[in-house]
> 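Mind having a look at this structure? Questions to follow.
The shown structure was predicted, so the numbers you read here are calculated from the model rather than taken from an experiment. Reminder, nothing fancy here: chain letters follow the sequence lines and each chain counts from 1.
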Number of protein chains: 2
Amino acid sequence: MALADAEGLGAVTVRRLAAALGVTPMALYWHVATKDDLVAALADRVLDAVRVPEETGDWEEDLRAALLALVAALRPHPQLAPLVADRLLEHPGGLALSEAALRCLAAAGHGPQPAGYLASQALRTAITAVTGDRPAGADDPAGAQEHEARLRRQQAALAALPPDRYPALVAHAAEVARCTGTDAHVALAVDVFVTGVRGAAARGAVGAGPTAP
Amino acid sequence: MALADAEGLGAVTVRRLAAALGVTPMALYWHVATKDDLVAALADRVLDAVRVPEETGDWEEDLRAALLALVAALRPHPQLAPLVADRLLEHPGGLALSEAALRCLAAAGHGPQPAGYLASQALRTAITAVTGDRPAGADDPAGAQEHEARLRRQQAALAALPPDRYPALVAHAAEVARCTGTDAHVALAVDVFVTGVRGAAARGAVGAGPTAP
DNA sequence: ACCTGAACACCGTTCAAGT
DNA sequence: ACCTGAACACCGTTCAAGT
């Protein structure tokens, strides 16, 4: 986990991990069947930190709480966030959040099929909201510096676009390039989702097409 | 691209691609500087299919159209969807969609900072909505069969959970396990986002915390 | 129960060389 | 301009063996 946090997922390697543990690469295969199992265990470790909120009965509040609980668990390990999507239905914490989301969506008036899809979409939303938050090496100043340089290059590239074609991007190059997911931003993204669920349920409900207002 | 569609991203390998082209691995390095450039080109190829919708002036309609345009481009290549996130700001089509999203969010009443974040979050939503849609090998029946088996196992695992703890998951195991992103589902996810943007803007607008109703 | 060592089939990539 | 060949440093993993 320290390895992944410090140097990114790409650094999580049987051989590098073994070296970090002062052991032979093959030693890991006693504790774990395959590398996939190892990274799954990593994701599970992240999900272990999920504090499942208790139900209040207000589905909006409950859905928001479930998503924010996931966000809170992912926050310390943004590098590992993309991994947890595949583990949500295999981990008790992930299952609890899925259960909560599913019930909230049903309570909002969505039918079982859309609710099932939206539940997973909801949790994925929380995941993407924190993904790519911090770059690869947030620890050492070298990585941070390089990341900062890349941001500046990106921002400059946006600012240099033809303003007649991309006026908004040029005007707000800084905001677009550095759209880091602060707590307020992530909370906003969650809010957008929750609010949208209510609106969509209010006008479409069960099987109706979502386009007709 | 055919390789990625048929066997998944993991099969996209310098050596395998070279073999498929009947050429030496090193031959590729004449046309491409690095493997990362190669997969970036792959993502760009997907974005080439984006048909940028014309503006109507109604930001809700325009935002929905932009997201659906991205969805339409990603649909034929769900395996490659996760790649395009990193290319959105480097490709004309992606830039056009980003520009459109940014303007819509500003028009909805969001300040430049939240709008910048939400614009990228919007496009990521479209991406996740189609991601993992089809498994790895949708072509050969062997892969399809294996995928079907995995689905069934997943569904059975959900159905076998303690019903007192996960009543909704147990009751709707089928819908959760097979939450494939049909067109209607993806449209619903887009609708949830668009609706949420309006709701959040209506009550929070510029800098206010998103939690207070 | 836990680890080592040698080996295998695969990676991406460099660099000098061919035509 | 485009491709080859040999080489290097890295992968995940098997399998037999040690203690």
Side-chain angles (χ1 to χ4, degrees), chain A residues 1-46 77 79-87 90 132 135-137 139-140 142-143 146-147 149-150 153, chain B residues 1-46 77 79-87 90 132 135-137 139-140 142-143 146-147 149-150 153:
Chain A
M1 208 142 191
L3 196 55
D5 287 340
E7 307 194 42
L9 259 172
V12 177
T13 263
V14 174
R15 292 170 128 95
R16 290 204 52 183
L17 178 56
L21 297 176
V23 99
T24 272
M26 302 318 130
L28 302 193
Y29 282 91
W30 176 258
H31 305 275
V32 108
T34 184
K35 196 209 168 181
D36 284 356
D37 282 19
L38 193 150
V39 327
L42 224 48
D44 287 351
R45 213 47 173 240
V46 173
H77 310 284
Q79 310 277 343
L80 302 179
L83 296 181
V84 315
D86 289 330
R87 299 300 298 168
E90 329 263 351
D139 297 5
D140 62 336
E146 189 189 353
H147 175 65
R150 219 161 49 92
R153 233 179 309 125
Chain B
M1 209 144 192
L3 196 55
D5 288 340
E7 307 193 42
L9 259 172
V12 177
T13 262
V14 174
R15 292 169 129 95
R16 289 204 52 182
L17 178 56
L21 297 176
V23 101
T24 275
M26 301 320 130
L28 302 193
Y29 283 90
W30 176 258
H31 306 274
V32 111
T34 183
K35 195 209 169 180
D36 285 357
D37 282 19
L38 193 149
V39 326
L42 224 48
D44 286 352
R45 220 30 183 247
V46 173
H77 310 285
Q79 311 276 343
L80 301 178
L83 296 181
V84 317
D86 289 329
R87 298 299 299 167
E90 329 264 352
D139 297 5
D140 62 335
E146 190 189 353
H147 175 64
R150 220 161 49 92
R153 233 179 309 124

> Any salt bridge (charged side-chain N to carboxylate O under 4.0 Å, His left out) pairs touching residues 21-35 of chain A, not counting sequence neighbours?
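For residues 21-35 of chain A, and leaving out neighbouring residues, there are no salt bridge (charged side-chain N to carboxylate O under 4.0 Å, His left out) pairs at all.
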> With pairs defined as Watson-Crick or G-U wobble and both distances under 3.5 angstrom, please note down DNA chain D as a dot-bracket string, | for pairing with another strand.
||.|||||...|||||.||
> On DNA chain C, reading 5' to 3', which nucleotide is the first and which the last to sit with an atom under 4.0 Å from a heavy atom of chain B, could you check?
dC11(C) to dT14(C)
> For Arg45(A), what residues pass the salt bridge (Lys or Arg N to Asp or Glu O under 4.0 Å) criterion, not counting sequence neighbours?
none
> Within this structure, what is the CG-CG distance for the pair Leu42(A) and Asp37(A), rounded to the nearest 0.5 Å?
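It is 12.0 Å, given to the nearest 0.5 Å.
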> Contacts to DNA chain D from residues 25-33 of chain B, heavy-atom cutoff under 4.0 Å, which residues?
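Within residues 25-33 of chain B, the residues near DNA chain D are Met26(B), Ala27(B), Trp30(B), His31(B).
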> Excluding sequence neighbours, so at least two apart, what forms salt bridge (Lys or Arg N to Asp or Glu O under 4.0 Å) with Arg15(B)?
none
> Could you tabulate the donor-acceptor pairs under 3.5 Å formed by side-chain atoms of residues 23-32 of chain B, not counting sequence neighbours?
none

> Reading DNA chain C from 5' onward, which residue's closest nucleotide shows up sooner: Val12(B) or Val23(A)?
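Taking each residue's closest nucleotide, the earlier one in sequence belongs to Val23(A).
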> Would you jot down, in residue-number order, the residues of residues 35-44 of chain B having a non-hydrogen atom under 4.0 Å from DNA chain C?
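When residues 35-44 of chain B is checked for heavy atoms under 4.0 Å from DNA chain C, the hits, listed by number, are Lys35(B).
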> Checking Ala85(A) now: which residues fulfil side-chain contact (heavy atoms from CB on, under 4.5 Å) with it, not counting sequence neighbours?
Ile127(A)
> Got a second to check how far Leu3(A)'s CG is from Gln79(A)'s CD, nearest 0.5 Å?
11.0 Å
> Between dA17(D) and dC2(C), how far apart are the two P atoms, rounded to whole Å?
22 Å
> So, using side-chain contact (heavy atoms from CB on, under 4.5 Å) as the criterion, who are the partners of Ala40(A) when residues are at least two apart?
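side-chain contact (heavy atoms from CB on, under 4.5 Å) list for Ala40(A), sorted by chain: Arg87(A).
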> Applying salt bridge (charged side-chain N to carboxylate O under 4.0 Å, His left out), which residue pairs with at least one partner in residues 16-30 of chain B are found, sequence neighbours left out?
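For residues 16-30 of chain B, and leaving out neighbouring residues, the salt bridge (charged side-chain N to carboxylate O under 4.0 Å, His left out) pairs sorted by first residue read Glu7(B)-Arg16(B).
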> Roughly how far, to the nearest 0.5 Å, is CG of Asp44(B) from CG of Leu83(B)?
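Separation between the atoms: 10.0 Å.
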> Given the rule in the side-chain contact (heavy atoms from CB on, under 4.5 Å) test, do Val12(A) and Leu38(A) qualify, once you have shown the distances and angles that lead to the verdict?
CA-CA 9 Å; Val12(A) 177; Leu38(A) 193 150; 4.2 Å; yes
